[in-house]
Number of protein chains: 2
Amino acid sequence: MIAPSQPATPDPAHADQCETRHPIDLEQVRALNVSVLTADKAQQMAELFAVLADPNRLRLLAVLAERELCVCDLAALVKLSESAVSHQLRTLRDRRLVRYRKQGRKVYYSLKDQHIFDVYRAVADHVDEPED
Amino acid sequence: MIAPSQPATPDPAHADQCETRHPIDLEQVRALNVSVLTADKAQQMAELFAVLADPNRLRLLAVLAERELCVCDLAALVKLSESAVSHQLRTLRDRRLVRYRKQGRKVYYSLKDQHIFDVYRAVADHVDEPED
DNA sequence: TTTATATATGAGCAATCGCTCATGTATTCA
DNA sequence: TGAATACATGAGCGATTGCTCATATATAAA
């Protein structure tokens with residue numbers, strides 16, 4: 001899921017053209033950036049956002065926020081095939097956004113990561129605002 | 001960017017198998033889901049998350065959070081080609097996450113959408129937490 | 001045990017993404 | 001005016017995504 005971005009051509013020919021006009025400030029910014037957001041952390045964040053970047057997964061999370069549900073019911077609710085839902089649940093499981101428990105031949109899924117659902121809700125509110 | 005998810009095969013053969021055991025509750029959940037998260041809104045949210053689902057765009061946003069910067073400087077800071085940065089800035093512009101102003105032949109970009117940057121920060125904090 | 005149900009998963013395909021490379025367009029400088 | 005700089009953009013390629021379809025597994029029902 002999102003291969004770590006290849007370094008492209010290492011330090012493109014560009015080099016020290018336009019940015020050397022104010023080299024000190026830029027070094028400060030780079031220092032801040034590197035410490036606050038390393039390549040590794042950017043990668044982790046991107047992978048988390050990627051899980052939320054699909055309308056069907058968002059719909060699954062939305063119904064799971066209301067109640068625990070089995071795969072079959074989820075498929076009926078979001079109108080997807082059970083296979084498609086199962087695949088989607090796998091990526092939600094892998095990213096630990098949901099938990100599950102088996103009961104008989106059914107598997108009941110529920111929301112696990114409240115932090116991420118807060119993010120969901122923040123964006124849900126955001127897209128409703130007209131101030132675009 | 002993220003084509004509206006095709007309805008797949010409309011209402012897969014699945015139909016009324018497992019979910020008809022508790023039809024009333026599921027109708028309630030579906031009603032909630034549809035009103036809270038329509039297909040259209042899920043699509044909008046997914047597109048927003050998709051913008052954040054790339055490590056290089058996150059790095060651009062991170063440095064833009066520190067200060068206004070031109071394309072050339074951004075390229076130097078995130079170590080990408082200016083063309084790649086320009087392409088990325090286009091998607092950030094299209095989604096109104098950044099603003100820009102021209103000054104001579106340079107174009108200075110800055111953060112525009114504070115709400116989305118709050119989301120950025122929430123996820124940045126989240127990935128640092130050990131409680132996984 | 002045999003059959004059906006509920007879910008998981010691998011292969012594979014069409015669509016999308018993010019880059020490079022080539023090129024176009026302003027703007028500045030000589 | 002002509003060359004160089006800063007940026008934008010289209011084409012196109014390799015990688016990734018999200019589905020379907022076929023198939024596997026586990027549990028329940030007959």
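Numbered from 1 within each chain, the chains take letters A, B, ... in sequence-line order. In this text the structure is predicted, and so the values were computed from the model without any measurement.
One atom, CZ of B:F49, and another, C1' of C:dT16, lie 19 Å apart when rounded to the nearest Å. The distance between atom CG of B:D54 and atom P of D:dT16, rounded to the nearest whole Å, is 13 Å. Spacing between atom CG of B:D94 and atom P of C:dG18 amounts to 13 Å, rounded to whole angstrom units. Computed from coordinates, the A:L80 CG to D:dT17 C1' distance equals 14 Å when rounded to whole Å. Counting to the nearest Å, the P atom of D:dT17 and the CG atom of A:L52 are 14 Å from each other. A:R101 has its CZ atom 15 Å from the C1' atom of C:dA6, to the nearest Å. Rounded to whole angstrom, the span from the NZ atom of B:K106 across to the P atom of D:dA4 amounts to 19 Å. For the pair A:Y108 OH and C:dT5 C1', the computed distance is 13 Å after rounding to whole Å.
Using modelled atom types and a 3.5 Å distance limit, the side chains of A:Q103 and A:R101 yield a donor-acceptor pair.
OP1 and OP2 of D:dA6 both lie 4.0 Å or more from every side-chain N or O belonging to B:Y109. Residue A:N56 places at least one side-chain N or O closer than 4.0 Å to OP1 or OP2 of D:dC19.
Contact annotation for A:Y100: no contact, since no heavy-atom pair falls under 4.0 Å across all strands.
Taking the ring-ring contact (aromatic ring centres under 6.0 Å, His included) definition, one finds that A:F49 meets it with nothing, sequence neighbours left out. Scored by the side chain to side chain donor-acceptor pair (under 3.5 Å) test, A:D113 finds B:H126 as partners (sequence neighbours excluded). Listed by chain and residue number, nothing satisfies the side chain to side chain contact (heavy atoms under 4.5 Å, CB included) test with A:S86 (two or more places apart in sequence, or in another chain). Take B:R99 and apply the side chain to side chain contact (heavy atoms under 4.5 Å, CB included) test, not counting sequence neighbours, and it matches B:S110, B:K112.
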Margin query: One pair to check against salt bridge (charged side-chain N to carboxylate O under 4.0 Å, His left out): B:R67 and A:D25. What are the steps and the verdict?
Written below: CA-CA 10 Å; B:R67 52 132 81 205; A:D25 287 306; 3.8 Å; yes

Notebook entry, point to check: Quick one: what's the B/S/- string for nucleotides 23-28 of chain D, heavy-atom cutoff under 4.0 Å, read 5' to 3'?
Noted result: ---SBS

Got a list of protein N/O to nucleotides 9-14 of chain C N/O distances below 3.5 Å?
residue	atom	partner	partner atom	Å
C:dT9	OP2	A:R93	NH2	3.2
C:dT9	O4	A:S83	OG	2.8
C:dG10	OP2	A:R90	NH2	3.3
C:dG10	O6	A:H87	NE2	2.9

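Looking at heavy atoms from C-beta onward, B:E129 lies in side-chain contact with A:H115 at the 4.5 angstrom threshold.
Side-chain proximity of A:C72 to D:dC7, D:dC19, C:dT7: nearest is C:dT7. Among C:dC19, D:dC19, D:dA8, the nucleotide with an atom closest to any side-chain atom of B:V71 is D:dA8.
Around the CZ atom of A:F117, the shell of radius 6.0 Å holds more than 12 heavy atoms that belong to other residues, nucleotides or ligands.
Across every non-hydrogen atom of B:L37 and A:A62, the tightest pair is CD2-CB, 3.4 Å.
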